[in-house]
Amino acid sequence: MQRTRIVELLDRGEGGPVLLKGWVRTRRDAKGFSFLEVNDGSCLANVQVVADHTPELLPALEGMNTGAAVAVTGELVESPASGQRWEVRASGLILYGGADPEAFPLQKKRHSDEFLRTIAHLRPRTNKYGAMLRVRSEMAFAVHDFFRQRGFFHVHAPILTGSDCEGAGEMFRVSNLEPEKAVILDPRARAEAEFFGRPAGLTVSGQLEAELMALALGSVYTFGPTFRAENSNTPKHAAEFWMVEPEVAFADLKDDMDLAEDLVRHLVRHALSSCSSDLALFASFVDKSLMPTLEGMLSAPFARLTHAEAIRVLQASGRSFEFPVHGKSDLQTEHERFLCEEHFKRPVIVYDYPKEIKAFYMRLNDDEETVAAMDLLVPRIGELCGGSQREERMDVLVRRMAEAGLPEDPYWWYLDTRRFGTAPHAGFGLGFERLLMLVTGIANIRDVIAYPRTPGHLEF
RNA sequence: UCCCCGGUAGCUCAAUCGGCAGAGCGGGUGACUGUUAAUCACUAGGUUCGCGGUUCAAGUCCGUGCCGGGGAGCCA
């Protein structure tokens, strides 16, 4: 008989013979028979299995403790008891792998996130982390679906890179040299001995490469892992995280903001429609305000205002901030939170930032003071997307690189795109884990990625 | 990296002024029951994060290191 996944079993709506395979969540023994709660990861729901203590079933049943991997053949029938619509009357049981109850760390009770992080290899077997991983998968699909519907091409930016995308943070160095050999070489000899003949690192952003491809294919996006060697110890930062980076030729900042808003709304809408039972778990156990937050994001357009207007709003608020606001200052976390959680009570896009606080590749506005940059801020998380219209004018780009103290040489290929057939273009980066935090209500980035990499943590 | 809080049984946490190491859950054993975070009884389980110090006496006080959480900075 072919195995049926639980999600399909419960969807089927009719009884009959079944074979299901999964992991035992709990076993409750009665006189003469036992109840097994079996979960196979296909959905949040378990199936209750009723197994009589017959000579055929009893030997396997005895090893079926919490955590055991099992196969159950039997009959799907309507459950006579309340608590579940369907249950399986077992006629055959196979124990694939037992789990010693004295050693198996997952209990049938709520565990703290901090504890579960120490057993990240087993936490997918809990309701919360199983749900998170299913939602994560579904959101990745929705990202591709959104762009495909709009004629974007998915491009793969390199992960190994020789370019240090300025302003995006510290890069992890990659080397094939034995560490003890590398230290004795002088820099030039060392560079020659390196695999690539030059220093290499893990990408901090696929943006520059995506720009090149947008200036050939029109509309593209990258979706892949990125790496930052920043010593950030916060619930919103990880050393390895996934980023969605669209890049669009012949687009300006307004188009960019529209695209970011559409993308975020599409992803939230998709989560609500395609992950409803997993989201219900988060709404009742993780964040009580999850549903109103997500539905609120769909009900009204995001607020948009310039950085200068944001400063005025903050100054007029009468609020005393720890960091006082002034014209050329970047927005601090407390300012971002005030704007979206208290003032507008919805997502906010701040644009036209002072050029001093933004990267060299952002397009200089006509006022010569601001650049066409934008940040999309959402309640609780803060910056979800950051992007800009790119500087497409060769002379201005060269001038801004000089002001930033950047050499032109390493960027010869980037500058070439401005030399040959340059065009206005814009793009942004969306932090995929931050999106998941938004959609699940999970408060720590370490809990929306299967194996989080943060300073001092590389287990699993 | 900076500031604040914490680290006690497998997990979540108590322990009064510095004075015998505790509970719930989980585990084991038994009873009972169409159960469903089952219930009831009994039971085992401890380097109180490490190192150093003060004291007759340290889980508790001091120093230091490590780890975790929250906040900040950096950002996505």
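To find a chain, count down the sequence lines: A is the first, B the second, and so on, and within it residues start at 1. Everything numeric in this text was worked out from a predicted model, so none of it was measured.
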For this session: May I ask you to establish whether A:Arg434 and A:Phe432 are in a cation-pi arrangement, using a distance under 6.0 Å from NZ or CZ to the six-membered ring centre and at most 45° from the ring axis?
Result: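 Geometry flag: not set, cation outside 6.0 Å or 45°.
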Residue [X], side-chain heavy atoms: nucleotide from [options] that is nearest:
X	options	value
A:Gln107	B:C25, B:G73, B:U35	B:C25
A:Arg28	B:G73, B:A38, B:G34	B:A38
A:Arg228	B:C74, B:C75, B:G70	B:C75
A:Arg434	B:A76, B:A72, B:C11	B:A76
A:Ile445	B:A76, B:G73, B:G34	B:A76
A:His237	B:A76, B:C11, B:G34	B:A76
A:Thr234	B:U35, B:G69, B:G73	B:G73
A:Glu87	B:G69, B:A72, B:G34	B:G34

Expressed in angstrom and rounded to an integer, what is the separation of [X] atom [atom1] from [N] atom [atom2]?
X	N	atom1	atom2	answer
A:Phe115	B:A9	CZ	C1'	13 Å
A:Glu230	B:G73	CD	C1'	10 Å
A:Arg117	B:G7	CZ	C1'	16 Å

Problem set entry | Position toward the 5' end of RNA chain B (nearest nucleotide), A:Gly431 or A:Glu37 |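 Mapping each residue to its closest nucleotide by heavy atoms, the 5'-most match is A:Glu37.
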Exercise. On RNA chain B, nearest-nucleotide positions of A:Ile357 versus A:Val50: which is more 5'?
Worked result: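 Going by which nucleotide is closer to the 5' end, it is A:Val50.
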For this session: Quick one, give me the B/S/- string for nucleotides 27-33 of chain B, reading 5' to 3', where B means a protein heavy atom under 4.0 Å from the base and S means that only happens at the primed atoms, P, OP1 or OP2.
Result: SS---SB
Less than 6.0 angstrom separating the ring centers of [X] and [Y], yes or no?
X	Y	result
A:Phe146	A:Phe141	no
A:His307	A:Tyr351	no
A:Phe321	A:His335	yes
A:His154	A:Tyr221	yes

Exercise. Is any N or O donor-acceptor pair between the side chain of A:Arg110 and the base of B:C25 shorter than 3.5 Å?
Worked result: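 No such pair is found, so the answer is no.
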Problem set entry | Check: B:U35 base within 3.5 Å donor-acceptor of A:Gln84 side chain |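 Side chain to base: pair present.
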Exercise. At under 4.0 Å between heavy atoms, what does A:Phe35 touch on the DNA or RNA strands: base, sugar-phosphate, or nothing?
Worked result: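 It contacts base atoms.
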Exercise. Looking only at heavy atoms, what is the nearest atom pair of A:His425 and A:Gln389, with distance?
Worked result: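 That would be O-CG, 3.4 Å.
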